[in-house]
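A short worksheet on the structure shown next.
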Amino acid sequence: MVFLSFYDIITVIMKLKLSKILDLIMNLFLVACGAVALLLLVQLFCFTSFKIPSDSMEPALQQGDRIIVNKLVQGARLFNVFAALRGEDIKIYRTPGFGKLERNDVLVFNFPYAENRWDSIRFNVMEYYVKRCIAVPGDTVEIRNCYYRIRGYNGELGNIEAQRYLSELEKPEDRGIVTGTFPWDWGLGWNIREFGPLPVPRRGQEVKMEKTTLHLYKQLIEWEQKCKMSEKGDTIFMGDSIIQTYQFKKNYYFVSGDNMANSQDSRYWGMLPEEYIVGKATRIWYSEDKFTGKSRWNRMMKKIK
């Protein structure tokens, strides 16, 4: 018969407990890793969150709101993040989507132009904007007396109160509002009161290339073709070749801030490439007052309209 000393018994018990503790720690670690991986997958493919940094979307969104962005509508984007951070040209792919973006949806997107330079498209993976969709690919958008119009569409577009406010201002420039607009061609006579008609390109749409269409679509075509365009008299060139028509390879959108008196949107910089869109903003999950830092409980889980 083998007799164990009290010390041996304690040692065996401690080893058993240590083994169980280690198993528990390992299980908790694996659960934590799984939860982190699941969270990353959800953020990458399904939903993500953004904080509203300005008042350009008031009253729908206020500075300090944190919003849920649904990526499932169009599908999540896949691209080389490290190449994008280095400023290199990247190819953006999308997973299959479960819907489509519509007029008046609130969109989160990478701002497609360099600050104060809107003559060429570029991708900044760290710069995001939030605006309301006014026109989808294939629409023809106009502004008449400050009100948005889409040919063949009779519904309301954007923030009607903001459009009414602008329409009633006699001299908006006296309020610091920029009245000149895209494409910054004074010969067209476009401004924030009277704008367009501007056909918003859809994939496969063909346009005749002349001076007006060159000014409207130069930035888009140069981005698609990676080639500079120019004009000599009535002749349009792409590189060294004469171009008479052009068929678009991508879809584009026209977007606007709800606070139109203080919003840098498509009225000023032009059209938004579809692949720059992150997703559709759906709800405010948290909100914090920018001055006091206090939570705004009445805005939490509020649906974005």
Side-chain angles (χ1 to χ4, degrees), residues 38-52 56-57 60-61 65-81 83-85 89-113 121-141 148 150 153 155 157-158 198-205 217 219-220 223-224 247-258 263 265-266 269-285 302-305:
L38 179 61
L39 179 61
L40 290 174
L41 286 173
V42 168
Q43 286 197 326
L44 177 61
F45 291 103
C46 303
F47 302 95
T48 190
S49 173
F50 287 93
K51 182 180 179 180
I52 302 301
S56 70
M57 277 298 293
L61 297 174
D65 286 346
R66 288 177 171 83
I67 60 175
I68 297 172
V69 179
N70 183 353
K71 296 182 177 183
L72 296 172
V73 177
Q74 276 195 303
R77 300 180 304 169
L78 300 174
F79 58 89
N80 188 330
V81 176
L85 288 170
D89 285 336
I90 59 170
K91 182 71 174 178
I92 299 176
Y93 303 91
R94 277 197 189 275
T95 60
F98 297 92
K100 63 178 182 179
L101 299 177
E102 299 178 348
R103 305 179 191 97
N104 289 318
D105 284 347
V106 175
L107 309 180
V108 175
F109 56 90
N110 292 98
F111 185 62
Y113 301 93
I121 294 176
R122 64 94 173 92
F123 186 77
N124 186 339
V125 70
M126 299 303 293
E127 187 174 10
Y128 295 94
Y129 272 36
V130 182
K131 303 293 179 188
R132 191 175 298 277
C133 177
I134 300 298
V136 297
D139 280 348
T140 296
V141 62
Y148 286 119
I150 298 293
Y153 177 75
L157 294 162
L198 172 63
V200 180
R202 68 176 183 276
R203 186 183 297 109
Q205 180 177 341
Y217 303 125
Q219 61 200 147
L220 307 184
W223 175 63
E224 288 190 359
Q247 187 176 73
F248 287 96
K249 299 182 180 299
K250 302 177 184 292
N251 288 324
Y252 299 89
Y253 293 77
F254 188 100
V255 296
S256 172
D258 281 2
S263 175
D265 51 44
S266 287
W269 44 258
M271 287 155 282
L272 169 65
E274 185 174 66
E275 61 193 63
Y276 280 46
I277 298 173
V278 178
K280 174 183 173 180
T282 55
R283 287 189 182 273
I284 301 165
W285 69 269
K302 182 179 180 181
K303 186 177 182 180
I304 299 172
K305 298 179 179 181

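Nothing fancy with the numbering, it's 1 onward along the sequence.
- When the side-chain contact (heavy atoms from CB on, under 4.5 Å) test is applied to Leu72, the partners found at least two apart in sequence or on another chain are Cys46, Phe47, Asn70, Phe98.
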Let me see the working for Lys100 and Val136 under side-chain contact (heavy atoms from CB on, under 4.5 Å), right down to the final yes or no. CA-CA 10 Å; Lys100 63 178 182 179; Val136 297; over 6 Å; no
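- Comment: Lys280 engages Asp105 in a salt bridge, judged by a side-chain N to carboxylate O separation of less than 4.0 angstrom.
- A donor-acceptor pair under 3.5 Å is formed between the side chain of Glu224 and the backbone N or O of Lys249.
- Taking the side chain as every heavy atom from C-beta outward, Ile134 and Asp265 never approach each other to under 4.5 Å.
- Of all the heavy atoms in Asn110 and Met126, the pair that sits closest is ND2-N, 4.5 Å.
- The ring pair (Phe, Tyr, Trp, His ring centres under 6.0 Å) search around Tyr93 returns none, not counting sequence neighbours.
- Without hydrogens or angle criteria, Thr48 side chain to Val69 main chain gives no donor-acceptor distance under 3.5 Å.
- Thr140 and Pro199 get closest at one heavy-atom pair: OG1-CA, 3.9 Å.
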Begin from the C-alpha positions of Tyr253 and Phe109 and carry the test ring pair (Phe, Tyr, Trp, His ring centres under 6.0 Å) through to its verdict. CA-CA 11 Å; Tyr253 293 77; Phe109 56 90; 9.9 Å; no
With salt bridge (Lys or Arg N to Asp or Glu O under 4.0 Å) as the criterion, how do Lys302 and Asp65 come out once you've worked through the C-alpha distance, each side chain's angles and the decisive distance to 0.1 Å? CA-CA 10 Å; Lys302 182 179 180 181; Asp65 286 346; over 6 Å; no
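- At a threshold of 4.0 Å, the pair Glu127-Arg122 counts as salt-bridged, since one of the basic side-chain nitrogens sits closer than that to a carboxylate oxygen.
- We find that Glu274 and Arg203 are joined by a salt bridge, their nearest charged nitrogen and carboxylate oxygen being less than 4.0 Å apart.
- Side-chain N/O atoms of Lys131 and Ser263 include a donor and acceptor closer than 3.5 Å.
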